[in-house]
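Following: one structure in structure tokens, then a few remarks.
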Amino acid sequence: MIYVVSGLRLVVEYALLFAAIYAVTLIIYFTTGLALTWVNRRYPERRIQPTRDGRHRIRREIHSSMEALATSCGLLTTGFFAQINGWTLAPLDATWWSVPLMFAVSMVLYDAWFYWGHRLLHLPVFYRFHAPHHASLAPTPWSNDSSTTVDTLIEHGYYLVIWFVLPIPAVALFAQRLFDQISGMIGHAGFEYFASPTSRWPWPFICTSFHDLHHSRFHYNYGNFFSLWDRMMGTVDPRYDDMVKTFEETPAGGKPSNADMGGKNVG
């Protein structure tokens, strides 16, 4: 009887934790999506693919995203729940140095995980699980999480595994997940606002055009936070650095960019 009560208590605690994390994630998803949509309407000249418009897909992207985010939150919740109950590596105390250090280490590790998981999803045997995400040839902020369950398990499985291999304070990983969510939606926004010299060679950072090219050209730019692995593996789109320069020379509110990478089909 004691084991049954204990088990039920764990189930209830897990369910409440999942509900809280999922609710916060949805608030972030819709708040970020609405904010980016409002900004994009103000600066139509910043559209990366002027001849494509993916807005007709928004309804199905939101529906798909809510399912995928539930899977992602389940992975994150499970890892965090395991740490709370002492089933993982003991985390470092959250201090002024441990949180930024573990945040930085985890960002680099996740980018490697994402790159190779993303490459895996582009293999013929797995691509059917990733193809729905690529139905958005011209991505919108809402398409960031528009994925299948298998796709999400591969790309976000990190948020379950990392608790068991890195003594990361929970606040550092939650901060990374927050950054990942917002930056990912910016990366799918379809409009470029962050082009700068640090977004191109020799810097490892990226801007929205990086992932937008992945949607319009498919076989380049697999990284998430950085271009490091793409640079090393020769998978950076050859047009990327020049695109960044073009947007650097076109300030918001200026003349429309010529950086059309998309053709004339509606995506």
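If you're wondering where the values come from, they're calculated on a predicted model, not measured in any experiment.
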Centroid-centroid under 6.0 Å between His188 and His133 rings:
yes
In this structure, CE of Met185 is separated from CG of Asn144 (nearest 0.5 Å) by 6.5 Å
Minimum side-chain heavy-atom gap Ser64-Arg57 below 4.5 Å:
no
Would you say Phe247 and Ile206 are hydrophobically clustered, going by side-chain heavy atoms of ILVMFWY under 4.5 Å?
yes
With the side chain counted from C-beta on, respond yes when Thr235 and Arg119 share a heavy-atom pair under 4.5 Å apart, and no when they do not.
yes
Under 6.0 Å between ring centres, would you say that holds for Phe114 and Phe225?
no
Using ring centroids (six-membered ring only for Trp), state whether Tyr240 and Tyr220 fall under 6.0 Å.
no
Report yes or no: do Leu178 and Val171 belong to one cluster of Ile/Leu/Val/Met/Phe/Trp/Tyr joined by side chain heavy-atom distances under 4.5 Å?
no
Kindly give the cluster partners of Ile27, where membership spreads through any ILVMFWY side chain lying under 4.5 Å from a current member.
none
Pair Trp142 and Tyr29, ring centroids less than 6.0 Å apart
yes
Using a 3.5 Å cut-off and no angle test, enumerate the donor-acceptor pairs between side-chain atoms of residues 97-104 and protein atoms at least two apart in sequence or in another chain.
unit_1, atom_1, unit_2, atom_2, d
Trp97, NE1, Thr95, OG1, 3.1
Ser98, OG, Asp93, O, 2.5
Ser98, OG, Thr95, N, 2.9
Ser98, OG, Thr95, OG1, 3.1

For the residue pair Tyr159 and Tyr110, is the inter-centroid distance of their aromatic rings smaller than 6.0 Å?
yes
Should the pair His215 and His134 be assigned to parallel (<30°), tilted (30 to 60°) or perpendicular (>60°) ring geometry?
tilted
Using links of under 4.5 Å between side-chain heavy atoms of ILVMFWY residues, direct or through other members, which residues join Leu16 in one cluster?
Val12
